[in-house]
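Report on the structure given below.
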Amino acid sequence: MRRKTYDVLFDPGAGMAALVKQPCLWRSAFYFTLSVGFFTGVVTNCWLLEQPLEIRFAIIICTVLISATALSLYGFLIHGIMETFGALAGDPVGLICLLGYTTLPFLLLTPGALLAGKMGWGGLPLLGGIFLVGCLWMLFLLVRSLEAVYLVDCLRATVTLLFSLLLLYVVFVLPWQIVFCMVTMSL
């Protein structure tokens with residue numbers, strides 16, 4: 001298990017290709033829960049220390065469930081885009097299996113989040129930087145998983161990923177930006 005995790009994080013081309021050849025949905029769900037749960041748990045335990053333990057656990061469980069739902073839906077979105085772009089070797093189950101592994105960078109960056117939490121509110125910029133590094137690493141692993149599952153080149157996988165992020169931006173963020181701009185202009 002440790003070798004596969006190392007391969008996924010630091011040699012993702014070979015690691016993702018090896019993982020897609022065997023069913024790994026439960027291991028993927030375990031790694032996803034571990035990564036997102038530890039990262040969220042460290043952040044909530046540092047900044048919400050005054051809150052009861054039940055509230056902190058509820059935040060962790062809600063974050064893991066919402067993230068798992070969002071990541072699964074995002075996987076089906078990417079699968080649909082790849083099918084539209086003509087990827088003939090589409091395997092949505094293999095892609096969903098690999099998506100849990102793409103959150104592994106957050107498990108490695110958890111000590112940085114702990115350091116940011118120990119710094120208090122002054123550690124928010126450090127936490128933001130750590131979160132940005134985790135997101136970029138996750139996007140890189142997503143590109144590698146698209147290459148392994150759909151047998152496409154890096155450029156096509158990157159374009160698909162960026163197009164899917166643009167679609168998510170247009171659907172979820174742009175309407176709120178327009179409403180915010182209209183409200184600020186009317187004031």
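It should be emphasised that the depicted structure is a prediction, and the values quoted were computed from it without experimental measurement. For reference, positions follow the sequence shown, starting with 1. Just the heavy atoms: all of them, side chains too, but no hydrogens, waters or symmetry mates, feed the values below.
Going from atom CD of Glu54 over to atom CD1 of Ile61 covers 11.0 Å, rounded to the nearest 0.5 Å. To the nearest 0.5 angstrom, Thr158 atom OG1 is 10.5 Å from Leu142 atom CG. The CG atom of Asn45 sits 10.5 Å away from the OG1 atom of Thr40 when rounded to the nearest 0.5 Å. A distance of 12.5 Å separates OG1 of Thr103 from CZ of Phe38, quoted to the nearest 0.5 Å. Of the inter-residue distances, the one linking Tyr101 atom OH with Phe30 atom CZ reads 10.0 Å to the nearest 0.5 angstrom. One distance of note links CG of Leu77 with OG of Ser72; it measures 12.5 Å at 0.5 Å rounding.
Leu19 and Met138 fall within a single hydrophobic cluster, where Ile, Leu, Val, Met, Phe, Trp and Tyr side chains are chained together by heavy-atom contacts under 4.5 Å. In this structure, Leu165 is a member of the same hydrophobic cluster as Val171, with clusters built from ILVMFWY side-chain heavy atoms closer than 4.5 Å. No single ILVMFWY cluster, assembled from side-chain heavy atoms under 4.5 Å apart, contains both Val179 and Val170. In the hydrophobic clustering of ILVMFWY residues, with side-chain heavy atoms under 4.5 Å counting as a link, Leu104 and Leu98 come out together. Following chains of ILVMFWY side-chain contacts shorter than 4.5 Å, one cannot reach Leu162 starting from Leu155, and the two form parts of different hydrophobic clusters.
Scanning all heavy atoms of the two residues, the minimum distance from Arg56 to Leu48 falls at CD-O, 3.4 Å. The two atoms that bring Gly134 and Pro105 nearest to each other are O-CB, 4.3 Å, heavy atoms only.
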Yes or no on side chain to side chain contact (heavy atoms under 4.5 Å, CB included) for Leu99 and Ser28, after CA distance, side-chain angles and deciding distance?
-> CA-CA 7 Å; Leu99 285 181; Ser28 177; 5.6 Å; no
For this session: Carefully, step by step, assess Leu146 and Leu95 under the rule side chain to side chain contact (heavy atoms under 4.5 Å, CB included).
Result: CA-CA 7 Å; Leu146 286 180; Leu95 181 61; 4.0 Å; yes
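Contact check for Met16 versus Leu141: side-chain heavy atoms found under the 4.5 Å cut-off. Taking 4.5 Å as the limit, every side-chain heavy atom of Thr102 sits out of range of all side-chain heavy atoms of Leu139. Proximity of Phe180 to Val183: side-chain heavy atoms (C-beta onward) are nowhere separated by under 4.5 Å. With contacts defined as side-chain heavy-atom distances shorter than 4.5 Å, the pair Thr160/Val152 does not qualify. A heavy-atom distance below 4.5 Å is found between the side chains of Leu167 and Ile81.
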With a 3.5 Å cut-off and sequence neighbours excluded, list the donor-acceptor pairs that the side chains of residues 62-69 form with protein atoms.
unit_1 : atom_1 : unit_2 : atom_2 : d
Thr63  : OG1    : Ile59  : O      : 2.7
Ser67  : OG     : Thr63  : O      : 2.7
Thr69  : OG1    : Leu65  : O      : 2.9

Show me the side-chain donor-acceptor pairs of residues 106-133 shorter than 3.5 Å, one per line, residues at least two apart or across chains.
unit_1 : atom_1 : unit_2 : atom_2 : d
Thr110 : OG1    : Phe106 : O      : 2.8
Thr110 : OG1    : Leu107 : O      : 3.3

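Residues in residues 134-146 take part in these side chain to side chain donor-acceptor pair (under 3.5 Å) pairs, two or more places apart or across chains: Arg144-Glu147. Residue pairs meeting the salt bridge (charged side-chain N to carboxylate O under 4.0 Å, His left out) criterion with at least one partner in residues 59-71, sequence neighbours excluded, do not occur; the list is empty. Under the side chain to side chain donor-acceptor pair (under 3.5 Å) criterion, the residue pairs touching residues 164-180 are Tyr74-Ser164, Tyr169-Gln177, with sequence neighbours excluded.
Judged by distance alone, the side chain of Thr44 and the main-chain N or O of Gly41 form a donor-acceptor pair under 3.5 Å.
Every residue two or more places apart in sequence or in another chain that forms a ring-ring contact (aromatic ring centres under 6.0 Å, His included) with Phe163 is listed here: Phe85.
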